[in-house]
Protein chains: 2
Amino acid sequence: MMAYELRSARYLAADIHRQLIRKGDTVVDATVGNGHDTCALAELVGPEGRVIGFDLQEDAVSRTRQRLEEAGLLSRCELHAVGHEHLAEYVRPGIRLAVFNLGWLPGGDKSVTTRWETTRKAVSAALELLSPLGAVTVCAYPGHAAGDEERRELMAFLSALRPQDFNVLHQRFLNAGPGAPECFVIQKQASAGNE
Amino acid sequence: MMAYELRSARYLAADIHRQLIRKGDTVVDATVGNGHDTCALAELVGPEGRVIGFDLQEDAVSRTRQRLEEAGLLSRCELHAVGHEHLAEYVRPGIRLAVFNLGWLPGGDKSVTTRWETTRKAVSAALELLSPLGAVTVCAYPGHAAGDEERRELMAFLSALRPQDFNVLHQRFLNAGPGAPECFVIQKQASAGNE
């Protein structure tokens, strides 16, 4: 067994994905970026599962498609070069997980970054599509103006979710500097909507 | 495998204890209280391990001793009816874990609560005694004046720890109401002190 070691928010999210996903699940990667998460999710859902990925940038989608192809995982994935605020048009209810990694594309154009206006729509849509005990994870990157703003808006939005519907966990590293990513986990209650 | 389900900060802490502890470890329960954590820790360290427990209240120590005895776990534990600020007098360096559950004793005298002045001494001492990759977990209870104050002081103290020495994770539930407990994990870096 590997020694327990705290690392960044990205690892906290990945650890939750491993605990949550079962073979055959359908999951959403709302920000495919360079495709690292997409590949990891495709491994976890297994050959009977499905990963539905979104990225506004054609570049990101091409790179991710190539990475999945090389790993032999493309057949269990579908990729859409559209903004994730449209995800409800492509995804049916009953997903186990939706993954958001906010900010800009690593190595990409820094003028293209996620914005709260679209992030809010996408997160709201994903929450609606979750099956009971399914979850949305969000990694947010404060430390620059747009990231700070997006994180603040996200916190306000998540804090207002009804506890009967969702459990909202916020994880951050207190002594890691102002730019360190933070991880949010929003899990649908087993009994959500049954009142 | 059990379904992944977020519950309270107490469960987050217990989950980390399970991931961190190896058979034969020495761990500290700095606030034995009713002895629930003490028993769980004693199970995890196994027959070759050691749990060293502290509580200022004789009542708590007696109850915990009885609980351990009934579970057949007393021989791997030692209990001290002294304040945890003295723990360095009873514990040698090289512990894997120290557990703090702040606030008052469940079902006990609400005038007896942990206070930052002694908590700070105890947490500082425990951090010194950790082996590399060992951790201190702290469950804090805001929502009443003394708990708010203690949590605020704890946050300031932990935020100032050097990242070369410790990784400090803060976990809280955003929509759970102002009195919900929060969980802090302070892990000693593998290379702490080697510069």
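Proteins get letters first, then strands, A, B, ... in listed order; numbering begins at 1 in each.
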Just jot down the ring-ring contact (aromatic ring centres under 6.0 Å, His included) partners of B/Y90, sequence neighbours excluded, or say none.
B/F54, B/H80
Do any pairs count as a side chain to side chain donor-acceptor pair (under 3.5 Å) and have a residue in residues 126-138 of chain A, sequence neighbours left out, and if so which ones?
A/H17-A/T137
Proximal to chain A - members of residues 178-185 of chain B, heavy-atom separation under 4.5 Å:
B/F184, B/V185
Do A/V136 and A/V91 sit in the same hydrophobic cluster, where Ile, Leu, Val, Met, Phe, Trp and Tyr count as joined when their side-chain heavy atoms come under 4.5 Å apart?
yes
I need the B/R18 CZ to A/Y4 OH distance, nearest 0.5 Å.
12.0 Å
Taking side chain as everything from C-beta outward and backbone as N, CA, C, O, which of these in A/I186 sits under 4.5 Å from a heavy atom of chain B? Side chain, backbone, both or neither.
neither
Would you give the length of the straight line joining atom CG of B/L133 to atom CD of A/E5, rounded to the nearest 0.5 angstrom?
5.0 Å
Is there a side-chain contact (heavy atoms from CB on, under 4.5 Å) between B/H170 and A/H170? Walk through the geometry before answering.
CA-CA 8 Å; B/H170 177 204; A/H170 178 204; over 6 Å; no
With a strict 4.5 Å heavy-atom criterion, list every residue of residues 139-158 of chain A that contacts chain B, or say none.
A/M155, A/L158
Are A/L129 and A/V27 connected into the same hydrophobic cluster when the rule is that any two of I, L, V, M, F, W, Y join if their side-chain heavy atoms are below 4.5 Å apart?
no
Measuring from atom CZ of A/R7 to atom CG of B/L169, what distance do you get when rounded to the nearest 0.5 angstrom?
13.5 Å
Applying a strict under-4.5 Å side-chain criterion to I, L, V, M, F, W and Y, I'd like to know whether A/V82 and A/F100 cluster together.
yes
Tell me whether A/L20 is reachable from A/V45 by hopping between hydrophobic residues (I, L, V, M, F, W, Y) whose side-chain heavy atoms are closer than 4.5 Å.
yes
Which atoms form the tightest heavy-atom contact between B/L174 and A/S159, and what is the distance?
CB-OG, 3.9 Å
I'd like to verify something: which residue of A/Q171, A/R172, A/Q187 has the highest number of heavy-atom pairs under 4.5 Å with chain B?
A/R172
Tell me if the CD atom of B/E48 is crowded by more than 12 foreign heavy atoms within 6.0 Å.
no
Rounding to 0.5 Å, atoms NZ (A/K188) and CG (B/L6) come to a distance of 14.5 Å
B/E117, CD: over 12 other non-hydrogen atoms inside 6.0 angstrom
no
Counting only heavy atoms from other residues, nucleotides and ligands, does the tally under 6.0 Å from CD of A/E69 exceed 12?
no
Under 4.5 Å between side-chain heavy atoms, counting indirect links through other Ile/Leu/Val/Met/Phe/Trp/Tyr residues: same cluster for B/I21 and B/I95 or not?
no
